[in-house]
Amino acid sequence: MELPKSFPFAEAENKWYAYWLKKGFFKSIPDHREPYTIVIPPPNVTGVLHMGHMLNNTLQDVLVRRARMQGKNACWVPGTDHASIATEAKVVQMLAEKGIKKSDLSREEFLKYAWEWKEKYGGIILEQLKKLGASCDWDRTRFTMDEPLSKAVIQVFVDLYNKGKIYRGTRMVNWDPKGLTAVSDEEVIYREVQSNLYYVKYPVVSHAEGNPSESIEFITIATTRPETILGDTAVCVHPDDPRFLHLRGKYAVIPFVNRVVPIIFDTYIDMEFGTGALKVTPAHDINDHKLGIKHGLASIDTLSPDGTMSEAAGHYIGEDRFVVRKKIVKDLEAIGLLVKTESIKNKVGHSERTQAVIEPKLSVQWFLKMESMAGPALQSVMEDEVKLLPEKFKNTYRHWMENVQDWCISRQLWWGQRIPAYYLPDGRVVVAETREKAEAECINRYPEANPNLLQQDEDVLDTWFSSWLWPISVFDGFEDKNNADINYYYPTNDLVTAPEILFFWVARMIMAGYEYRGKKPFNNVYLTGIVRDKQGRKMSKSLGNSPDPLELMAKYSADGVRTGMLFCSPAGNDLLFDESLCEQGRNFTNKIWNAYKLVKGWKIKEFSPSACDISAMEWFQHRLNQASETAEDLFDKYRISEALMCLYKLTWDDFCAWYLESVKPDFGKPICLEVYNRTITFFEHILSLLHPFMPFITEEIWHNLAQRSEGSSLVVSTWPLAGNYQPEIIRSFEHAANVISEIRNFRNSAGSSPKITLEIYSEDQTLEEYQDLISKLANCHLFIQSEKPEGCKPVLAGTSEIWIASAGISNPEEEKKKIIAELEYLKGFQHSVEKKLSNSRFVENAKPEVVENERKKLQDASLKMDKLMQQLQTFSQ
RNA sequence: GGGAGCUUAGCUCAGCUGGUUCAGAGCAUCUGCCUUACAAGCAGAGGGUCACUGGUUCGAACCCAGUAGCUCCCACCA
């Protein structure tokens, strides 16, 4: 049977994934084994796979597959997130395309559409993950709005409310006047724009009842939003600003509305900016709002939800804010209060979805107090209860946790878990899990009230308010606190996610973990980087620089893309993605495939192995053990990229380039059975080590390399343990390999064909063991003898010298040049070591072994130099 | 504005407690090869003042201080 030249991955991927599912290898139920658990960071239910998911999920799969092979009960729980904002936006858009406005629908009608949409498009991403080879337990797939999970969310809300940790409060939100909704900070895009800075003077009076016409003095403020003047309730200056000291206790008069407001002093002011005096509009600016609270100022909301001036503004009522901006400037100028106009650059927030300029607006929201929850979560990370990888994120984490602000958990949306708060017409509130319970509670607490009049809060909860429960809720740890799953799988082992959501998600899961289980949710958090393009730009749809993962996998194979992504993505580092990485991954699969093709093509016969075979097998066994140990260590330190690179080199360089070349029989000759069997064993070992990275090709080859019993698979085979190895054996082989390289090098520089068999002599006894191997790989006859034969070129390999019978193939000029360069280098080297050794302070202070080493270096160097000098002399003869 | 981090070969990154021929790896580049597993390959080679300036030390890529540049997070400049 002729094998194809490269790995036929498309078929193999489908075949093996179906096989794994059919055999249920990814399923997990609690048993006597040690559990290994990962919960997936749930992607948006309507999302599609992008490069970030690829990196993240490949890493998880590597960890899970290795754990499974190590004999642990591996459980990778998949699922999706309802993503209120994103999904609702998509549904609204879909409806708009059908000519339906959200505002024309009832909540129930809208949700019906949303669920239909979710059923239709939801979960595509999970199907895509299967293409990648993700070994999730698909029977455990969860969605954050599945009934038990939603129930858990409501239960937690009620519980925290009853504990006094949830409260209602006023907060400034980002209001989108076009979308008529509040949007989260993440949905506000700050853009640098050219704006006008208007300098406006306000009359100053000395009494609260002062009359502006009596004023002889003015204070000039600078503003980019003059339309908000109508909502001003103070003017603020810096307490240390000498220009305004005399204004202490005085008042300013707001133009048009003639409101007399205090002049207040606060260090918040930047004296350098504008005039050093700030107009304070607590209802329409976040910092002014803070100042307002601090100084007890009134808050006048001069804007209607649609961005026009409200009744409270008193003037320009019903006109759009930007129209008013122009008008008010003109009117100020007319009454002589506009001092000047400057052009400046500033950043203005725009709504990501509607592009409208965001207006800060006060509104009533639900909050979760963070203080008491942050403490244990901070301590846990600082004491490495929960380990962050890489560790540098501990700093950022601490900084955030120490300055944590209360979490605004309400969202003005319909898609999500509706807040279980019920209001009486007079505004009194009861919080309960269901309407029935709320009514009962109402009767209990407010016997005089009519429970039929209770109205549920219109808002839903922030999506993070359900995802923070994920590691518990996927195991139904709220509904049934002591079920077998939660007791077995929780705390989970590793979490793999992006540092961007360290606070939004990771920190909050830790809080919820301690609050509801009294235990951390996971042991380790592996933080990946962001996948960027070659120029370091974030991948985004609008830039069009984000490749389609499915196309990449179709082109380079899933294994190729997986390894390509992992070749250079250490934890916490951004990955500058380039398709050439996938190419490298694909080439690697090709290399493995061809090694398999070679081995598979051998004819086997029973006879004794050659000396060359024996030395190769011995060396490779030790080298394999060494590499296994290194890889194991790297895995344990979560240096996944490095573990892969270690195995890459083991496979390509050691196994293919050296070992297989050493034992490869001459053309048409058979291989001896013992060597063949040994080779298969080595190959299997390598396939096992590579399996977590490249599940498909390894499975394919593993099945074809030997007879396998029915239902067996590399997926559930045993992870190979690193045996002992002797470094001396590896070193002595490396010496032989070095000799081979030198001979090849000699050939290259002499322009001699590799087909010519050379005669080589050496007095180095240690080469005797590898005599056959060197002869084979360097196409030569190696003789070990103490005398140097006539007419040979000496070549230095390490500290030992070989002599090459080079009749007619030498290139004396080249050789001479090389020797001289080498001598120069050694001279410098020798000099520096001598200097070090003649320094008495070095000899006295340095550790004895260090000094000893320096002496050894010096010895080796002089030995080499002697030999090189001798060689040089042969040229002058 | 506050905080954190980074700067080592053309690119992406290792380099652990300062000391082994310590200046490394992979990719890319160059040279020579269609050698019967693989040209998606083979055999070789070149390439770096470890950002800069001082300091500590017998000894610094590594420790300390300063300078420059870059990145990220938080806050949002009236």
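Per chain, numbering begins at 1; letters A, B, ... match sequence-line order. Note that the coordinates shown come from a computational prediction; the quantities given were computed from them, not determined experimentally.
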Where do A:Thr281 and A:Lys279 come nearest, in terms of heavy atoms and distance?
OG1-NZ, 2.9 Å
Shortest non-hydrogen pair, A:Thr589 vs A:Gly560, comes out as CG2-N, 4.1 Å
Regarding [X], tell me which of base, sugar-phosphate or nothing describes its non-hydrogen contacts under 4.0 Å with the strands shown.
{"X": "A:Asp270", "result": "base"}
{"X": "A:Lys864", "result": "base"}
{"X": "A:Gly276", "result": "base"}
{"X": "A:Lys856", "result": "nothing"}
{"X": "A:Asn287", "result": "sugar-phosphate"}
{"X": "A:Trp652", "result": "sugar-phosphate"}
{"X": "A:Asn346", "result": "sugar-phosphate"}
{"X": "A:Asp578", "result": "nothing"}
{"X": "A:Lys664", "result": "base"}
{"X": "A:Arg398", "result": "nothing"}
{"X": "A:Tyr648", "result": "sugar-phosphate"}
{"X": "A:Ile286", "result": "sugar-phosphate"}
{"X": "A:Leu576", "result": "sugar-phosphate"}

Taking the side chain of [X] as its heavy atoms from C-beta onward, which of [options] lies nearest to it?
{"X": "A:Asn594", "options": "B:U71, B:G44, B:C38", "value": "B:C38"}
{"X": "A:His399", "options": "B:G2, B:A14, B:A37", "value": "B:G2"}
{"X": "A:Lys347", "options": "B:G41, B:A14, B:C77", "value": "B:C77"}
{"X": "A:Ser6", "options": "B:A40, B:A37, B:A78", "value": "B:A40"}
{"X": "A:Ser741", "options": "B:G44, B:A25, B:A78", "value": "B:G44"}
{"X": "A:Leu598", "options": "B:G44, B:A37, B:G5", "value": "B:A37"}
{"X": "A:Arg532", "options": "B:U71, B:C38, B:A78", "value": "B:U71"}
{"X": "A:Asn745", "options": "B:C77, B:G5, B:G44", "value": "B:G44"}
{"X": "A:Thr224", "options": "B:A37, B:A78, B:U12", "value": "B:A78"}
{"X": "A:Phe273", "options": "B:C77, B:A37, B:U12", "value": "B:C77"}

Atom-to-atom span, [atom1] of [X] to [atom2] of [N] - whole angstrom:
{"X": "A:Phe393", "N": "B:C73", "atom1": "CZ", "atom2": "P", "value": "10 Å"}
{"X": "A:Ile229", "N": "B:A78", "atom1": "CD1", "atom2": "C1'", "value": "12 Å"}
{"X": "A:Leu758", "N": "B:A43", "atom1": "CG", "atom2": "P", "value": "17 Å"}
{"X": "A:Trp400", "N": "B:A4", "atom1": "CH2", "atom2": "C1'", "value": "16 Å"}
{"X": "A:Glu579", "N": "B:U12", "atom1": "CD", "atom2": "C1'", "value": "17 Å"}
{"X": "A:Tyr268", "N": "B:G2", "atom1": "OH", "atom2": "C1'", "value": "14 Å"}
{"X": "A:Phe503", "N": "B:C72", "atom1": "CZ", "atom2": "P", "value": "15 Å"}

A:His735: which residues meet the side chain to side chain contact (heavy atoms under 4.5 Å, CB included) condition with it, sequence neighbours left out?
A:Val739, A:Asp764, A:Thr766, A:Leu767, A:Ser800
Within less than 4.0 Å of OP1 or OP2 of [N], is there a side-chain N or O belonging to [X]?
{"X": "A:Arg744", "N": "B:G44", "value": "yes"}
{"X": "A:Asn587", "N": "B:G41", "value": "yes"}
{"X": "A:Lys591", "N": "B:C42", "value": "yes"}
{"X": "A:Lys392", "N": "B:C72", "value": "no"}
{"X": "A:Arg747", "N": "B:A45", "value": "no"}
{"X": "A:Asn395", "N": "B:G5", "value": "yes"}

Hydrogens and angles aside, do A:Asp559 and A:Ser557 bring a side-chain donor and acceptor to less than 3.5 Å of each other?
no
Check A:Lys637 with A:Glu642, please: is the shortest side-chain N to carboxylate O separation under 4.0 Å?
no
Charged N to carboxylate O under 4.0 angstrom, A:Arg623 versus A:Glu734?
no
Watson-Crick or G-U wobble mate for [N], both contacts under 3.5 Å:
{"N": "B:A60", "value": "none"}
{"N": "B:C16", "value": "none"}
{"N": "B:A75", "value": "none"}
{"N": "B:G41", "value": "B:C33"}
{"N": "B:A65", "value": "B:U53"}
{"N": "B:G10", "value": "B:C27"}

Looking at the base of B:C38, is there any donor atom on it, or on the side chain of A:Lys597, that sits under 3.5 Å from an acceptor on the other one?
no
Could one point to a donor on the side chain of A:Glu661 or the base of B:A43 with an acceptor on the other under 3.5 Å away?
no
Under 5.5 Å between ring centres and under 30° between planes: true for A:Tyr190 and the base of B:C76?
yes
Ring centre gap for A:Tyr648 and A:Phe567 strictly below 6.0 Å:
yes
Can you spot which of A:Tyr659, A:Phe655, A:Tyr676 makes a ring-ring contact (aromatic ring centres under 6.0 Å, His included) with A:Phe682?
A:Tyr659
Sorted by position of nearest nucleotide on RNA chain B, 5' first, the leading residue of A:Ala861 and A:Glu742 is A:Ala861
